[in-house]
Student: 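Below: one structure in structure tokens.
What you see below is based on every heavy atom in this structure, not just the backbone, and it leaves out hydrogens, waters and symmetry mates. Everything quoted here is computed from the prediction, not taken from an experiment.
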Amino acid sequence: SAAGLLRKVHGGAVPVVSKPTAKETAMPFGERKPVNANAKEAIARHVSKIVGHARTLAFDASTTVFALANILKASPENPHPFILTNGVPLFMELQRRNVGFRLALTGGEPHPRTGSLVGPLAIKTLEGMRFDFAIVSAAGLMEDEGQVYDSTPEGSAVKQAFMARANKVILAIDTTKINFLAPYSLGVLSDFDILVTEHGVREISGKTPH
């Protein structure tokens, strides 16, 4: 039918089972965490060198950014950096390591599969805040188009709020995400300052001012 509710078959029609939404197909955090783990560790090493002297940081709830939780350390020059995240597993891991960070968790409602806090309360948490860096990942980057995509609208909205309040924005993705399409727009490549993959760090030209 025109509405896509029936599919013609020999002898009649059968209902078409609608495809799950992106929210329903977002892989649970625990299943995503080991995927491309070596690449995520390499990305974390690259990012840690960039943000080592930052005093205020916003981390998204992705498993790519979670890899930073295992290697970031405070330093004598920067003994108590402040980290805000909407990622519950990331917050708990940083708290467990207890290596000198000042930690905060956004408000918001728990997303059922991604280990993140999302929704209007998560975004309202950020009112009046500024960050030296926001570090976010994405589900896909169509490099030729310069478009960045994410798998859930709720997660994308919180990442956009982080990005709008940061002096510098780092897009951290492994190369399997390049030229991979996902349903929801996170922004354009020029919304980010730095692209970090497992292969290294790239400055992004044509930055859109915040």
Side-chain angles (χ1 to χ4, degrees), residues 21-23 25-27 29 32-33 35-54 56-68 71-72 83-87 90 106 111 114 116 118 122-123 126 129-210:
T21 65
K23 181 175 178 179
T25 58
M27 285 175 62
F29 184 91
R32 285 183 288 120
K33 188 178 170 186
V35 175
N36 298 323
N38 291 338
K40 291 171 183 176
E41 289 170 14
I43 290 167
R45 287 194 297 272
H46 292 310
V47 171
S48 67
K49 292 173 184 174
I50 299 170
V51 305
H53 297 291
T56 55
L57 296 159
F59 289 171
D60 79 2
S62 65
T63 56
T64 300
V65 175
F66 178 87
L68 277 165
I71 65 169
L72 272 186
I83 296 173
L84 177 72
T85 183
N86 71 319
L90 172 60
T106 68
H111 188 281
T114 62
S116 63
V118 295
I123 293 169
L126 306 178
M129 301 191 78
R130 290 292 300 180
F131 306 99
D132 293 325
F133 288 93
I135 301 96
V136 303
S137 193
L141 164 61
M142 298 300 287
E143 201 161 21
D144 289 346
E145 304 168 11
Q147 297 288 328
V148 184
Y149 296 96
D150 215 7
S151 56
T152 72
E154 303 96 337
S156 179
V158 177
K159 293 178 189 186
Q160 288 167 344
F162 283 160
M163 292 161 59
R165 290 161 176 79
N167 294 335
K168 296 276 188 180
V169 183
I170 296 174
L171 176 61
I173 56 171
D174 67 73
T175 51
T176 65
K177 309 279 186 66
I178 294 177
N179 296 323
F180 184 83
L181 192 63
Y184 299 98
S185 175
L186 182 58
V188 295
L189 194 55
S190 59
D191 290 332
F192 303 85
D193 295 279
I194 301 167
L195 173 65
V196 180
T197 72
E198 66 269 34
H199 300 314
V201 176
R202 191 177 100 199
E203 297 276 343
I204 298 170
S205 60
K207 168 74 182 173
T208 301
H210 283 308

Student: Does any non-hydrogen side-chain atom of Ile194 lie less than 4.5 Å from one of Ile50?
Tutor: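 With C-beta onward as the side chain, the pair touches.
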
Student: So Val51 and Asp132, do their side chains get closer than 4.5 Å, heavy atoms only?
Tutor: no

Student: Side chains of residues 135-145: which donor-acceptor partners sit under 3.5 Å, not counting sequence neighbours?
Tutor:
{"unit_1": "Ser137", "atom_1": "OG", "unit_2": "Ala172", "atom_2": "O", "d": "2.7"}
{"unit_1": "Glu143", "atom_1": "OE2", "unit_2": "Arg202", "atom_2": "NH1", "d": "2.8"}
{"unit_1": "Glu143", "atom_1": "OE2", "unit_2": "Arg202", "atom_2": "NH2", "d": "3.3"}

Student: Considering all heavy atoms of both residues, which atom of Phe162 and which atom of Asp60 are nearest to each other, and what is their separation?
Tutor: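 Closest approach of Phe162 to Asp60, heavy atoms only: CE1-CA, 4.0 Å.
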
Student: Is there side-chain contact between Gln147 and Leu181, with heavy atoms separated by less than 4.5 Å?
Tutor: no

Student: If you compare all heavy atoms of Leu84 against all heavy atoms of Phe131, which two are closest, and at what distance to 0.1 Å?
Tutor: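 Smallest heavy-atom distance, with atoms named: CD2-CZ, 3.6 Å.
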
Student: Go through it in stages, so that I can follow the logic: the residues are Ser116 and Thr114, the test is side chain to side chain donor-acceptor pair (under 3.5 Å), and I'd like the CA-CA distance, side-chain angles, deciding distance and then a yes or no.
Tutor: CA-CA 5 Å; Ser116 63; Thr114 62; 2.6 Å; yes

Student: Quick one: does Phe59's side chain get under 4.5 Å of Leu72's, heavy atoms only?
Tutor: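 The answer is yes, as the side chains (C-beta and beyond) meet within the 4.5 Å cut-off.
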
Student: Report the residues that fulfil side-chain hydrogen bond (donor to acceptor under 3.5 Å, both in side chains) with Thr176, sequence neighbours left out, ordered by chain and then residue number.
Tutor: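 Once residues adjacent in sequence are excluded, the partners of Thr176 under the side-chain hydrogen bond (donor to acceptor under 3.5 Å, both in side chains) criterion are Asn36, Asp174.
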
Student: If you take all heavy atoms of Thr85 and Gly87, which pair is closest and at what distance?
Tutor: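 For Thr85 versus Gly87, the nearest heavy atoms are OG1-N, 2.9 Å.
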
Student: Is any side-chain heavy atom of Phe180 closer than 4.5 Å to one of Thr175?
Tutor: no

Student: Say you draw a straight line from NZ of Lys168 to CG of Leu57; how long is it, rounded to the nearest 0.5 Å?
Tutor: 14.5 Å

Student: Are the side chains of Phe192 and Val148 in touch, meaning some heavy atoms are under 4.5 Å apart?
Tutor: yes

Student: With side chains defined as the heavy atoms from C-beta onward, is the minimum distance between Thr56 and Ile83 less than 4.5 Å?
Tutor: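 A side-chain contact is absent here, since even the closest heavy-atom pair is not under 4.5 Å.
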
Student: When you measure from the side chain of Gln160 to the backbone of Leu186, do you find a donor-acceptor pair of N or O atoms at a distance under 3.5 Å?
Tutor: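 Yes: the side chain of Gln160 pairs with the backbone of Leu186.
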
Student: Enter the distance from Ser190:OG to Ile204:CD1 here, rounded to the nearest 0.5 Å.
Tutor: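 Taking OG in Ser190 and CD1 in Ile204, the distance rounds to 8.5 Å.
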
Student: Determine the minimum heavy-atom distance between Leu68 and Ser48, stating which atoms define it.
Tutor: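 In this case the closest contact between Leu68 and Ser48 is CD2-N, 4.0 Å.
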
Student: Can you check whether Gly155's main-chain N or O pairs, donor with acceptor, with His111's side chain at less than 3.5 Å?
Tutor: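 Checked: no pair found.
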
Student: First locate atom NZ of Lys177, then atom OG1 of Thr197, and finally report the distance between them rounded to the nearest 0.5 Å.
Tutor: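 Atom-to-atom, Lys177:NZ and Thr197:OG1 are 11.5 Å apart.
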
Student: Is there a side-chain contact between Met163 and Asp191 (heavy atoms, below 4.5 Å)?
Tutor: yes

Student: Rounded to the nearest 0.5 Å, how far apart are CD of Glu198 and NE2 of His46?
Tutor: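 The distance works out to 8.0 Å.
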
Student: Kindly determine whether Ile170 and Val201 satisfy side-chain contact (heavy atoms from CB on, under 4.5 Å), including the steps that lead there.
Tutor: CA-CA 10 Å; Ile170 296 174; Val201 176; over 6 Å; no

Student: Evaluate side-chain contact (heavy atoms from CB on, under 4.5 Å) for Leu195 paired with Ile173, printing each intermediate quantity in order.
Tutor: CA-CA 8 Å; Leu195 173 65; Ile173 56 171; 3.9 Å; yes

